[in-house]
**Q** 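Before anything else, here's the structure in question.
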Amino acid sequence: MNTKLAEILLVEDNLADIDLTRDAFAEAKLRNNLHVVRDGEDAVDYLFKRNKFKSAVTPDIILLDLNMPKMDGREVLKIIKKDANLRRIPTIVLTSSQADTDVIESYDLYANCYIVKPIDATKFINVVQQVENFWVEVVCLPPKPV
């Protein structure tokens, strides 16, 4: 079992989904730090340690919503996967969109997986816990850039 503390960046504008994600992580009792930004511009600033995020921790995993204000998840994904220091961070699209075009575009932009958020709160918590368990406990993540 992995005892490493995982740094997880949640990029999500919906407060209810943020709260459910926090609840899921707390219930799973896995070791992690959940960092939250509420739009795509803040996500990019966080990842590049700019502006108010100069002391941000490089995440091990990114949970990315697609439909957000200022800059959507597709644009964030393009930026992440074009950057040599960020592209290896597993980026999981976690969104309410079931549109085939969104699924295809996300994978074309090198998302590591695409998950549709369940509407039911209990199912949503279960999905987040499964994602966390797989990406934190099962997968061997790449080392962070120096």
**Q** Got a second to check how far Thr58's OG1 is from Ile89's CD1, nearest 0.5 Å?
**A** 6.5 Å
**Q** Gln98 and Val116: which non-hydrogen atoms are nearest, and at how many Å?
**A** CG-CG1, 3.5 Å
**Q** Check the pair Val127, Lys117 against side chain to side chain contact (heavy atoms under 4.5 Å, CB included), reporting the backbone distance first and the verdict last.
**A** CA-CA 8 Å; Val127 165; Lys117 296 177 194 172; over 6 Å; no
**Q** Look up atom CG in Asp19 and atom CD in Glu12, then write down how far apart they are to the nearest 0.5 Å.
**A** 10.5 Å
**Q** Can you tell if the side chain of Asp100 reaches within under 4.5 Å of the side chain of Asp102, non-hydrogen atoms only?
**A** no
**Q** Taking Arg88 for its side chain and Pro142 for its backbone only, find out whether a donor-acceptor pair lies under 3.5 Å.
**A** no
**Q** How many angstroms lie between OG1 in Thr21 and CD1 in Ile125, if you round to the nearest 0.5 Å?
**A** 8.5 Å
**Q** For Gln130 and Asn126, test the side chains for any donor-to-acceptor distance below 3.5 angstrom and give the result as yes or no.
**A** yes
**Q** Under a 4.5 Å cut-off applied to non-hydrogen side-chain atoms, are Lys82 and Leu86 in contact?
**A** no
**Q** Is there a side-chain contact between Ile8 and Asn33 in this structure, where contact means two heavy atoms from C-beta onward sitting under 4.5 Å apart?
**A** no
**Q** Any sub-3.5 Å donor-acceptor pair from Glu41's side-chain atoms to Met71's backbone N or O?
**A** no
**Q** With a 6.0 Å cut-off (strictly less than), is the heavy-atom count around NZ of Lys49, excluding the residue itself, greater than 12?
**A** yes
**Q** Looking at side-chain heavy atoms only, is the closest gap between Leu10 and His35 below 4.5 Å?
**A** no
**Q** What pairs meet the ring-ring contact (aromatic ring centres under 6.0 Å, His included) rule with one or both residues in residues 68-126, with sequence neighbours excluded?
**A** none
**Q** Just so I know, are the side chains of Arg22 and Leu34 near enough to count as touching, which here means a heavy-atom distance under 4.5 Å?
**A** yes
**Q** Please give me the minimum heavy-atom distance between Asn112 and Trp135, naming the atom from each residue.
**A** CB-CH2, 4.0 Å
**Q** Considering only heavy atoms from C-beta outward, does the side chain of Val37 approach that of Phe53 to under 4.5 Å?
**A** yes
**Q** State whether Glu75 and Lys70 are salt-bridged, where the test is any N-O pair (Lys NZ or Arg NE/NH1/NH2 against Asp/Glu carboxylate O) under 4.0 Å.
**A** no
**Q** Would you say Tyr46's side chain and Lys52's backbone share a donor-acceptor pair under 3.5 angstrom?
**A** no
**Q** Given side chains that start at C-beta, do those of Pro90 and Leu141 come closer than 4.5 Å, heavy atoms only?
**A** yes
**Q** Looking at CG of Asp17 and CG of Leu20, how far apart are the two atoms once the value is rounded to the nearest 0.5 Å?
**A** 6.0 Å
**Q** Using atom types as modelled and distance alone, determine if a side-chain donor or acceptor of Thr122 lies under 3.5 Å from a backbone N or O of Asp120.
**A** no
**Q** Could you grab the distance from atom CG of Leu63 to atom CD1 of Ile61, nearest 0.5 Å is fine?
**A** 7.0 Å
**Q** Is the closest side-chain heavy-atom distance between Arg74 and Leu66 below 4.5 Å?
**A** yes
**Q** Would you name the heavy atoms of Pro69 and Asp39 that are closest together and state the gap between them?
**A** O-CB, 3.4 Å
**Q** With sequence neighbours excluded, tell me which residues meet side-chain contact (heavy atoms from CB on, under 4.5 Å) with Asn51.
**A** Asp45
**Q** Mark yes or no for whether Asp60, through its side chain, and Glu7, through its backbone, hold a donor-acceptor pair below 3.5 Å.
**A** yes
**Q** Got a second to check how far Thr95's OG1 is from Asp65's CG, nearest 0.5 Å?
**A** 4.5 Å
**Q** Give me each pair satisfying ring-ring contact (aromatic ring centres under 6.0 Å, His included) with a member in residues 59-99, each pair once, sequence neighbours excluded.
**A** none
**Q** Hey, quick one: are Leu94 and Ile119 part of the same hydrophobic cluster, counting side-chain heavy atoms closer than 4.5 Å, chains of contacts allowed?
**A** no
**Q** Testing the basics here: between Leu109 and Lys78, what is the closest heavy-atom pair and its distance to 0.1 Å?
**A** CD2-CG, 3.4 Å
**Q** Determine the minimum heavy-atom distance between Leu64 and Gly73, stating which atoms define it.
**A** CD2-O, 3.4 Å
**Q** Is there a donor-acceptor pair closer than 3.5 Å between any side-chain N or O of Asp13 and the backbone N or O of Arg38?
**A** no
**Q** Can you get from Ile92 to Ile104 by hopping between Ile, Leu, Val, Met, Phe, Trp and Tyr side chains that sit under 4.5 Å apart?
**A** no
